[in-house]
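Everything numeric in this text was worked out from a predicted model, so none of it was measured. Residue numbering restarts at 1 for every chain, and letters A, B, ... go by the order of the sequence lines. Values below: every heavy atom of this structure, side chains too, minus hydrogens, waters and symmetry copies.
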Amino acid sequence: MAVVIDDRLLLDVLAGATDPNIDEELARGGVYTTSCWYYRLGRAVNAGSGTGSLSGRLAALGPDARDRVLWSLRELPDEIGLLTSRTVVPVMVALRVRRPLNMLNAEALAVALLAGASVMVTAAAPLLESGATDLGVAYQLIGQR
Amino acid sequence: MCQRWCRRGDTRVDPTLPTDPRRTARSLTGSGADVRDSAGSLFRMAVTPSLDPELTAVVEHARRRARDGGELRPPRPGPHASRLSPEAREIVLAWLRDGGYDEAVARVVADDPELATQ
């Protein structure tokens, strides 16, 4: 079954540590993410320069190598599907669920509906899950390695 | 609407049930039937889902446009090979595993609640 993955799973893919189930779907062209999750990943990766930040930790590789890594993590692989706002927004607007959704959650469900996919996340998301139930979208919460 | 929580490796799984979660969900007729979790994780499905007619129409229209525009499939389906060096990979994975990424996301979400996975 196709999947819409969250930012943490997307980072796993970028780092070459993909969940085997996602690997299977990648081979079939069935892995998507959303603009919000992709954006959130970018902001988290590029935030700060202290020792706790990724940039700070990558400093040990030298500035050029560090910059190459950060650039690599900004670019969405061609193997991952990303639907445009032109396609997704009308569906987001038309969603009718019991509990209000913010933009990130509405987009995730809309993309799942369009792609015929399940939503796969790494942190419990009660509102997203509730919306998925209302819409008949499969919701998967997976543990981290 | 009947909903089931399903876990991988449940020894009560009926091997005759189809592995596709959606087909499996539609085949449930009541409580007591466990299903195979092909995703290998906690998996929640809705049985007999139904979208309202307006949403159905919007989804179908958008899907058709996306399909006609070649948008529904990734540009290059297939396995992804990471471009990170082994050293960079270890740093990124350590950052993920020790909570560094989660802390960074928490700061992002604190600034922008629209980016919270609620």
Side chain B:Tyr101, main chain A:Leu54, donor-acceptor under 3.5 Å: no
Interatomic spacing from CD1 in A:Ile22 to NE2 in B:His80 - rounded to 0.5 Å: 12.5 Å
Connected via hydrophobic side-chain network under 4.5 Å: A:Leu127 and A:Trp37: no
Matching residue for A:Arg43 among B:Asp111, B:Val105, B:Val109 - test: side-chain contact (heavy atoms from CB on, under 4.5 Å): B:Asp111
Interface residue of largest heavy-atom contact number with chain B, from A:Val3, A:Leu128, A:Asn105, A:Val93, under 4.5 Å: A:Asn105
Atom group of A:Arg86 that falls short of 4.5 Å from chain B, counting heavy atoms: side chain
Evaluation steps, side-chain contact (heavy atoms from CB on, under 4.5 Å), between B:Val92 and A:Leu14: CA-CA 10 Å; B:Val92 171; A:Leu14 293 170; over 6 Å; no
Exercise: identify the closest heavy-atom pair between B:Trp95 and A:Leu11: CZ3-CD2, 4.0 Å
Residues, nucleotides or ligands: over 12 heavy atoms within 6.0 Å of A:Arg74 CZ: yes
Toward chain B, the part of A:Val45 with a non-hydrogen atom under 4.5 Å: both
Which atoms of B:Leu72 approach chain A - backbone, side chain, both or neither, heavy atom under 4.5 Å: both
N/O donor-acceptor pair under 3.5 Å between B:Arg63 side chain and A:Leu113 backbone: yes
Contact class of A:Leu101 relative to chain B, heavy atoms under 4.5 angstrom: backbone
Contacting region of A:Ala15 [heavy-atom separation from chain B under 4.5 Å]: both
Structural part of A:Asp7 lying under 4.5 Å from a heavy atom of chain B: both
Given A:Asn102, A:Asp6, A:Leu104, the one that forms side-chain contact (heavy atoms from CB on, under 4.5 Å) with B:Thr117: A:Leu104
Winner by heavy-atom pair count (cut-off under 4.5 Å) against chain A, out of B:Gly78, B:Ala62, B:Ala106: B:Gly78
Backbone N/O of B:Leu115 and side chain of A:Arg40: donor-acceptor pair under 3.5 Å: yes
Interchain contact, A:Leu61 with chain B, by part (heavy-atom threshold 4.5 Å): side chain
Which atom of B:Pro74 lies closest to which atom of A:Asp78, heavy atoms considered: CB-O, 3.4 Å
Minimal non-hydrogen separation, B:Pro77 against A:Gly29, with atom names: CB-CA, 3.5 Å
Test item: B:Asp98 and A:Arg57 side chains (from C-beta on) under 4.5 Å apart, heavy atoms: yes
Under 3.5 Å: donor-acceptor pair, side chain of B:Arg89, backbone of A:Gly16: yes
Full working for side-chain contact (heavy atoms from CB on, under 4.5 Å) between B:Gln118 and A:Arg99: CA-CA 11 Å; B:Gln118 300 165 311; A:Arg99 301 168 73 182; over 6 Å; no
Most contacts with chain B, counted as non-hydrogen pairs under 4.5 angstrom, among A:Ala115, A:Pro126, A:Ala47, A:Gly131: A:Pro126
B:Ala57, part contacting chain A, at a heavy-atom distance under 4.5 Å: neither
Heavy-atom closest contact (A:Met103 atom, B:Glu114 atom, distance): N-OE1, 2.7 Å
Carboxylate-amine/guanidinium contact B:Asp102 A:Arg8, below 4.0 Å: yes
Chain A contacts, top residue of B:His61, B:Arg67, B:Arg73 (heavy-atom pairs, under 4.5 Å): B:Arg73
Largest heavy-atom contact set with chain B, pairs under 4.5 Å, which of A:Val88, A:Leu73, A:Val31, A:Ile80: A:Ile80
A:Ser130, part contacting chain B, at a heavy-atom distance under 4.5 Å: neither
